[in-house]
2 protein chains.
Amino acid sequence: MSANSRLTIAVHALAWMELNTRYGNEVATSEQIAGSVNTNPVVVRRLLTDLRRAGLVASRRGAGAGWTLARELAAITVLDVYEAVEPGILFATHRATPSQECPVGFGIRPVMQRVYDGAEQAVRDELIRTTMDDVLRDILAER
Amino acid sequence: MSANSRLTIAVHALAWMELNTRYGNEVATSEQIAGSVNTNPVVVRRLLTDLRRAGLVASRRGAGAGWTLARELAAITVLDVYEAVEPGILFATHRATPSQECPVGFGIRPVMQRVYDGAEQAVRDELIRTTMDDVLRDILAER
DNA sequence: TTTTGATGTAACCATAAAAGTTACGACTGC
DNA sequence: GCAGTCGTAACTTTTATGGTTACATCAAAA
């Protein structure tokens, strides 16, 4: 399917930010987060920009700049993160328009779109069940 | 997400094959199906090869060759097709191993894997509810 | 036995998304 | 004004998908 790791990294960043504040730090820098994720700071900044657009984090510029959580983790579900970083298209319909003379080619797109909408909704219903609070707790329980 | 159209084309092919038999034809050729899908016959053959591996279709070679359904549509769910043509990875974990010194980097992968397994299962539970029979009926109902 | 028409499959190219990287201007607390 | 970080553009690399060409293989039918 060519799945990406955007949701994984975004969740990682949020969990890391919360733990960072528990250690007494005000803000987190993209470089610190990138060090934990093991990627480039620009990749982190791009994802955090998406999260900021969704109101999940805030950023400060200038000296002593960095990122802060805009909500507590208990008020953020994995679905919130998913919606912030993914356009929400798990399955694609035909790349090129199928034959409109053929009954199958004519009718298949709306039918499959309904099937895919159902699958997408099922994913959302599942992701909304887990909060970022749950995620961090489970992470720390891994040892 | 970079979603693909493999499931769409595989479903399209199966529906077309059934309609083709209703019109009195024994077998369907990849060229005929490709004409309805509006793609290249090799793309169709590659997907039908996956469906054959799953026992959903059969092929004959030689003169008068082509493809036939190996089961009736009522006995094929969209989940069957999905499993035949997709490896089943909707979300990816980290591309590079996260920092194992960091508590978050250490614990996040099994936690997110469980979340993703749940989402994947939700998709399966949804796709199994629709049979290829339902799909063809709905396609023909589009006019 | 030859012809015919389709499968089976390799090889290659094109396209697009994701991720990684470099660079640098913008901003702000000190 | 300095230092440190964000914000973002630009470019490269990697990977999956899909499209295309080519051709060997096969089996029914002439």
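First the proteins, then the strands, lettered A, B, ... as listed; each starts at 1.
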[X] has an atom [atom1]; how far is it from atom [atom2] of [N], in whole Å?
X: B:His12; N: D:dG18; atom1: NE2; atom2: C1'; answer: 16 Å
X: A:Asn4; N: D:dT14; atom1: CG; atom2: C1'; answer: 14 Å
X: A:Arg60; N: C:dG29; atom1: CZ; atom2: P; answer: 8 Å
X: A:Arg53; N: D:dC6; atom1: CZ; atom2: P; answer: 17 Å

Check each residue of residues 27-51 of chain A for a non-hydrogen atom within less than 4.0 Å of any atom in DNA chain C, then write out the ones that pass by number, or none.
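Going residue by residue through residues 27-51 of chain A, the ones with a heavy atom under 4.0 Å of DNA chain C turn out to be A:Thr39, A:Asn40, A:Val42, A:Val43, A:Arg45, A:Arg46.
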Close approaches to DNA chain C from residues 79-99 of chain A, in residue order (heavy atom, under 4.0 Å):
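Under 4.0 Å from DNA chain C: no residue of residues 79-99 of chain A.
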Describe the nucleic acid contact of A:Gly66 in one word from base, sugar-phosphate, nothing, applying a heavy-atom distance below 4.0 Å.
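Here A:Gly66 touches the backbone only, sparing every base.
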Tell me, please, which residues at least two apart from A:Tyr82 pass ring-ring contact (aromatic ring centres under 6.0 Å, His included).
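With neighbours one apart ignored, the set is B:Phe91.
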Which residue lies toward the 5' end of DNA chain D, B:Gly62 or A:Ala65, if each is placed at its nearest nucleotide?
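Residue closer to the 5' terminus by nearest nucleotide: A:Ala65.
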Is there a donor-acceptor contact under 3.5 Å from the side chain of [X] to the main chain of [Y]?
X: B:Gln100; Y: B:Pro98; value: yes
X: A:Gln32; Y: A:Thr29; value: yes
X: A:Arg6; Y: A:Val85; value: yes

Measure from the side-chain heavy atoms of B:Arg6 and tell me the nearest of C:dA18, D:dG18, D:dG7.
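Between C:dA18, D:dG18, D:dG7, the one nearest the side chain of B:Arg6 would be D:dG18.
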Residue B:Ser2, side-chain heavy atoms: nucleotide from D:dA27, D:dT8, C:dA17 that is nearest:
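Taking heavy atoms from C-beta onward, the closest nucleotide is C:dA17.
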Give me each pair satisfying ring pair (Phe, Tyr, Trp, His ring centres under 6.0 Å) with a member in residues 23-46 of chain A, each pair once, sequence neighbours excluded.
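Of all non-adjacent pairs touching residues 23-46 of chain A, none passes ring pair (Phe, Tyr, Trp, His ring centres under 6.0 Å).
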Please confirm whether the shortest side-chain N or O distance from A:Ser5 to OP1 or OP2 of C:dA18 is below 4.0 Å.
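Answer no for this pair, as no side-chain N or O of A:Ser5 is under 4.0 Å from OP1 or OP2.
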Ignoring backbone atoms, test whether A:Arg61 places a side-chain nitrogen or oxygen under 4.0 Å from the OP1 or OP2 oxygen of D:dG4.
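Looking at the OP1 and OP2 atoms of D:dG4, neither is under 4.0 Å from any side-chain N or O of A:Arg61.
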List the atom pairs, with distances to 0.1 Å, where a side-chain N or O of residues 135-143 of chain A and a protein N or O form a donor-acceptor pair under 3.5 Å, not counting sequence neighbours.
| residue | atom | partner | partner atom | Å |
| --- | --- | --- | --- | --- |
| A:Arg137 | NH2 | A:Asp134 | OD1 | 2.7 |
| A:Glu142 | OE2 | B:Arg114 | NH2 | 3.3 |

Can you list everything that forms a side chain to side chain contact (heavy atoms under 4.5 Å, CB included) with B:Ser99? Sequence neighbours excluded, please.
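For B:Ser99 the side chain to side chain contact (heavy atoms under 4.5 Å, CB included) partners, ignoring immediate neighbours, are B:Glu101, B:Cys102.
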Beyond-backbone contact of B:Glu86 with B:Asn4, side-chain heavy atoms, under 4.5 angstrom:
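Heavy-atom side-chain distance check passes, below 4.5 Å.
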I'd like to check B:Met132 versus B:Glu72 (side-chain heavy atoms, cut-off strictly below 4.5 Å). Are they in contact?
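No; the side chains remain at least 4.5 Å from each other.
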